[in-house]
Amino acid sequence: MQSEGPSVLLVEPFYGGSHKQLIDLLQQNIHGCCVFTLPAKKWHWRARTAALHFSQTIPTCPSYRVLFSSSVLNLCELVALRPDLAHLKKVLYFHENQLVYPVRKDQERDFQYGYNQVLSCLVSDVVVFNSVFNMDSFLSSISSFMKKIPDHRPRDLDLLIRPKCVVLYYPVQFPDVSRCVCVCVYFYHIFNFFLLYEQEDPHESSCEPRTDQRPVSEGDTGDQMKPLHIVWPHRWEHDKNPELFFSTLIKLKEKQVDFHLSVLGETFTEVPEIFSEARSQLHRHIQNWGYLSRDRYLQVLLQADVVVSTARHEFFGVAMLEAVHCGCYPLCPKALVYPEIFPAEYLYSTPEQLCKRLQGLCRRPDVARRHHVKLLVLPLNSFVIK
C-alpha cells in the first residue's frame with residue numbers, strides 16, 4: 001500500500017533563535033510535515049530573496065494541504081512564482097512586525113520590508129501573531145504606513161486583514177528545573193495550532209486551564225544575606241535598551257548599593273559600546289558576562305534573583321518567561337507586550353521607578369527570593385508546551 005505524502009509544508013527563511021524553535025516544535029508534534037529552511041544569516045537578504053529560492057527548491061507535491069511560514073518570507077511572491085502552492089491553506093506567523101520595529105535614529109525605515117508583510121497578509125488565509133500587542137500595533141499602523149506612498153495609495157487594508165488574524169502566544173518549552181513558580185496558563189493542543197484540517201473559529205477552543213506549582217527553596221539565613229543577583233538575558237542590541245539598564249546599575253553602584261550581576265544573551269557583529277564601558281565600571285559586581293551554553297544559561301537563571309527588561313521593543317519575550325520559570329522576580333516596562341503577561345506589580349513606567357524598585361530589592365533581597373511570581377492568565381487561544 002502506497003504511503004500518503006506530507007500534508008504540511010513548513011517554510012522558514014530565517015532558521016535560528018525563536019524561529020527555529022517553533023519550526024522544530026511543529027515538526028516534532030505534527031505528523032506529515034515537510035520542512036524547508038535557510039540559515040539565520042543576513043536577515044535583510046532573506047526577506048528580500050527567500051521566496052525566489054524556495055520557489056526553485058520546494059518540489060511539487062500533490063499531498064500538501066497547509067503552508068506555514070513566518071512573516072520573514074514574502075508569501076505573495078512565493079505563491080505567484082509557484083501557483084501550485086496558491087490553493088493551500090496559507091498560515092503566516094508573526095514573530096515581529098516591521099511596521100513598528102524600532103530603527104536607529106541614524107537609519108531610515110526600509111519601506112519594502114513592512115510592505116512585503118502587508119502583501120503576505122493579503123494572500124494568507126490565517127495570520128497568527130504571538131501577542132495582542134504585536135497584532136494591534138501592526139493593524140493600527142497599516143494606514144499611516146501606506147501614506148508614505150506618494151500617490152494612488154491603497155485604502156482599508158487593515159479591514160481586509162483583520163478578519164484573518166488570531167493571537168497564539170509563542171509556545172515556550174520550559175526546561176525541567178527544580179526551582180519553579182506558580183504559573184497559570186492554558187494548554188492549547190499543538191495539532192490545532194493553525195486549525196490545519198477543520199474550518200473552526202480560531203477564537204474558540206475546548207482546552208482547560210492547567211496550573212503547576214512547586215515551592216521556591218527558602219535556603220538558610222546566610223543565603224538570604226547574599227547580595228541580590230540581577231540578570232539581563234537579552235540580545236546585545238540597541239532595541240533592548242542596554243543604556244538604561246547599565247545607567248541604572250551605575251547609579252546603584254554610586255549609592256554604594258551591593259548587588260551581583262549576570263549579563264547574558266546573544267551578541268552579533270556590532271556590539272553597542274555601552275557593554276564594554278559598563279563591564280569596566282561594574283566589574284566588581286559581575287558574576288557572568290556573555291553568551292553561555294544552554295545548560296550553563298539555565299544554571300545562572302536558577303541562581304539569579306531578579307530579571308530585568310529595559311526593551312524598547314518586545315513582541316513576546318521568551319527570555320523573561322524562562323527566567324521567571326527559573327524563579328526570578330521580573331521587572332519590565334509598563335509597555336509593549338509586558339502588560340499582557342505580567343501584573344502591574346512587576347511593571348515600571350520610568351527609569352526612576354526602575355532604579356527605586358531595584359534599590360529596594362537590593363536592600364531586601366529576601367523579598368525577591370521568597371516571592372512566588374504569578375503571571376496573568378493567558379488568553380484561551382494561547383498554549384505552553386511542558
Got a second to check how far [X]'s [atom1] is from [Y]'s [atom2], nearest 0.5 Å?
{"X": "Asp136", "Y": "Ser141", "atom1": "CG", "atom2": "OG", "result": "10.0 Å"}
{"X": "Ser247", "Y": "Leu354", "atom1": "OG", "atom2": "CG", "result": "8.5 Å"}
{"X": "Asn134", "Y": "His313", "atom1": "CG", "atom2": "NE2", "result": "8.5 Å"}
{"X": "Ser18", "Y": "Glu96", "atom1": "OG", "atom2": "CD", "result": "7.0 Å"}
{"X": "Ser276", "Y": "Ile274", "atom1": "OG", "atom2": "CD1", "result": "8.0 Å"}

(message) Are Phe316 and Phe133 an aromatic pair, judged by ring center distance below 6.0 Å?
(response) no

(message) Which residue in the set Arg357, Lys356, Arg363 passes side-chain contact (heavy atoms from CB on, under 4.5 Å) when paired with Gln359?
(response) Arg363

(request) Going by the side-chain contact (heavy atoms from CB on, under 4.5 Å) test, name the single residue among Asn288, Leu264, Leu301 that passes it with Arg296. (result) Asn288

(message) Tell me whether the rings of Phe94 and Phe138 are parallel (<30°), tilted (30 to 60°) or perpendicular (>60°).
(response) tilted

Any donor-acceptor N/O pair, [X] side chain to [Y] backbone, under 3.5 Å:
{"X": "Lys251", "Y": "Glu352", "answer": "no"}
{"X": "Gln287", "Y": "His229", "answer": "no"}
{"X": "Lys253", "Y": "Gln281", "answer": "yes"}

(request) Grab the two heavy atoms, one from Leu9 and one from Phe36, that are nearest each other, plus how far apart they are. (result) CD1-CD1, 3.5 Å

(request) Scan for side chain to side chain donor-acceptor pair (under 3.5 Å) pairs involving residues 40-55, sequence neighbours excluded, and state none if there are none. (result) Arg48-Tyr113

(request) For the residue pair Phe245 and Leu261, establish whether any side-chain heavy-atom pair is separated by less than 4.5 Å. (result) yes

Side chains of residues 146-154: which donor-acceptor partners sit under 3.5 Å, not counting sequence neighbours?
| residue | atom | partner | partner atom | Å |
| --- | --- | --- | --- | --- |
| Arg153 | NE | Lys147 | O | 3.2 |
| Arg153 | NE | Ile149 | O | 2.7 |
| Arg153 | NH2 | Ile149 | O | 3.4 |

(request) Not counting sequence neighbours, which residues clear ring-ring contact (aromatic ring centres under 6.0 Å, His included) with Phe111? List them please. (result) Tyr115, Phe145

(message) With no hydrogens and no angle check, just 3.5 Å: does a side-chain donor-acceptor pair link Tyr338 and Ser309?
(response) yes

